[in-house]
Amino acid sequence: MLVPAGRNKWILPRTGKMLVEGRVYLSEKLRKQLGNDTALNQLAQAAELRGAFGHVVGLPDMHSGFGLPIGGVLATDAREGVVSAGAVGMDINCGVRLMSTPFPADKLSQVELARLMEALEQRIPSGIGRSSPLAQYRTGNLEHVMCQGSRAVVAEGYGLPGDISHTEEEGCLTGADPAALPAEAVKRMHQLSTLGGGNHFLEFCLVDRVIDEELATRFGLAPGTLAVMIHSGSRGLGHQVCTDYSRLMLAAAPRYNIQLPSKGLAAVPIASAEGQRYLAAMACAVNYAFANRQLMAHHVREVLSRVVGIAPGDIRQVYDVAHNIAKFERHFGKDVLVHRKGATRALPPGHRDNPPAYRETGHPALIPGTMGTGSYVVSGTAELSETFFSVNHGAGRVMSRSEARKKISVSAMRESLGEVKVNSSSLKRIIDEAPAAYKDIDEVTLVLASIGLTRPVVRLKPLAVIKGEGDE
DNA sequence: ATGTGC
């Protein structure tokens, strides 16, 4: 199915109803690992959607998802093209925030680390179905959060102004309209400041390896220091927006003479009333997710200052990026809607959409690895234009959750975690997140770096991780 | 990913 196109690069040729070809970035090893995964079919199907522009992209962590594969990018013509809820994904603005500290990680005792975890667990509920620990965010009257994102909660005292300038879109995607939210979604916006389950986590880590000294310095990441990574999204709200609009798009597509390649890729014209409403509802969920991570970052500051005495102002936000989002951008001289699903934007040095602090360097792109293994901070280069300035969002699964539960034993998982502290007393409840269920983060991250599309900046090593538990 | 499935 894939035709080699140079080192770590493959073409998915145009066949059948595909309007554009696919470009897929995999090492030989990853291509073998992917095999004939349905992800390649899903990528080919996405290329059939009206207005598909340039090429569809499969990133090194790609694996099958609902509609578009996770680790997939689809750009559609902003005027003539469609928008697909499934091409953004269930967890709208699932994303990652990285905070740096000046604190030397080797000065942190195991007792202090345990205390940090305990204190954070008290403040941040995790797992499925949990409600906000903060009364004012359980009222359902959250129009300001939907419309202003991070800014709304920083204004209420949860954060520092620098957090906003160090967040993608400054923590607020334009075009949000709470009136576009489905009734069922409105019922589910009581979860601000909660972590969630699955691959979401809150991690204390160490800036372990500095690969690019100049960029690491510019990003404020000093070797040996303690850092914190928050991986979470829009919780039940985003899930409901995707579910309801995907169903609506499926019903509406025939009215616009749109032939759908699959249910998961249900789509309507961007210009249609349904398309506009989806984008307005999606922006609400995007902003809710930015605010969610903002609130958790506030708790991280409080706990770090209380337990180990780091001044809150010294805990800086490196950046916050979205992994599941659709945004209007300009590429190859054309206005397009870029759907990124399990993909992170990574703008190159000098790009005007960079935040001012990172205009010259390109903003940091955050790639969380698997629990217990490691994560990367990378930066995009000008050559990354061929992926619409997108990089992989993680390591990518090699097994489904159910497969992982069958094949991985608790003892094997415990061994693979090594010294990493885990909050969960029952590894069985998070076994679908075992490192063995994922690809190798080093291998995956180096695919784009080795062909000059990204510059790896630092590798982070986990010290302790908080995960939401599922069922046994 | 998810008050976890048409």
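Note that the coordinates shown come from a computational prediction; the quantities given were computed from them, not determined experimentally. Naming: A, B, ... by sequence-line order, numbering from 1 per chain.
The residue A:Gly236 sits close only to the backbone: its heavy atoms come under 4.0 Å of sugar-phosphate atoms, none of a base. Among the atoms of the strands shown, base atoms are found under 4.0 Å from some heavy atom of A:Asp471. Residue A:Gly197 is in sugar-phosphate contact alone, with no base atom involved, counting any heavy-atom pair closer than 4.0 Å across all strands shown. Residue A:Glu184 is in base contact, counting any heavy-atom pair closer than 4.0 Å across all strands shown. Residue A:Gly470 is out of contact with every strand shown, counting any heavy-atom pair closer than 4.0 Å.
The interatomic distance linking A:His239 (NE2) with B:dT4 (C1') rounds to 7 Å, in whole Å. Rounding to whole angstrom units, CE of residue A:Met189 and P of B:dT2 are separated by 18 Å. Rounded to an integer number of Å, the gap from A:Ile70 CD1 to B:dT2 P is 13 Å. In this entry the distance linking CG of A:Asp432 with C1' of B:dT4 reads 11 Å, nearest Å. Put simply, CZ on A:Phe66 is 9 Å from P on B:dC6, counting in whole angstrom units. Counting to the nearest Å, the C1' atom of B:dT4 and the CD atom of A:Glu433 are 14 Å from each other. One atom, CD1 of A:Ile128, and another, C1' of B:dG5, lie 13 Å apart when rounded to the nearest Å. With rounding to whole Å, A:His231 atom NE2 is found 10 Å from B:dT2 atom P.
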Salt bridge (Lys or Arg N to Asp or Glu O under 4.0 Å), that's the test. Do A:Asp163 and A:Arg301 meet it? Break it down for me. CA-CA 12 Å; A:Asp163 299 350; A:Arg301 275 205 185 92; 2.8 Å; yes

Residues A:Arg255, A:Glu274; criterion salt bridge (Lys or Arg N to Asp or Glu O under 4.0 Å); working and verdict: CA-CA 11 Å; A:Arg255 290 206 290 276; A:Glu274 294 90 342; 2.7 Å; yes

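In this structure, A:Asp77 contributes its side chain and A:Ala52 its backbone to no donor-acceptor pair below 3.5 Å.
If A:Lys263 and A:Arg130 are placed on DNA chain B by their nearest nucleotide, the residue sitting closer to the 5' end is A:Arg130.
Side-chain contact annotation: A:Ser424 with A:Glu469, donor-acceptor N/O pair under 3.5 Å present.
Residue A:Lys327 places its NZ atom among more than 12 non-hydrogen atoms of other residues, nucleotides or ligands, all under 6.0 Å distant.
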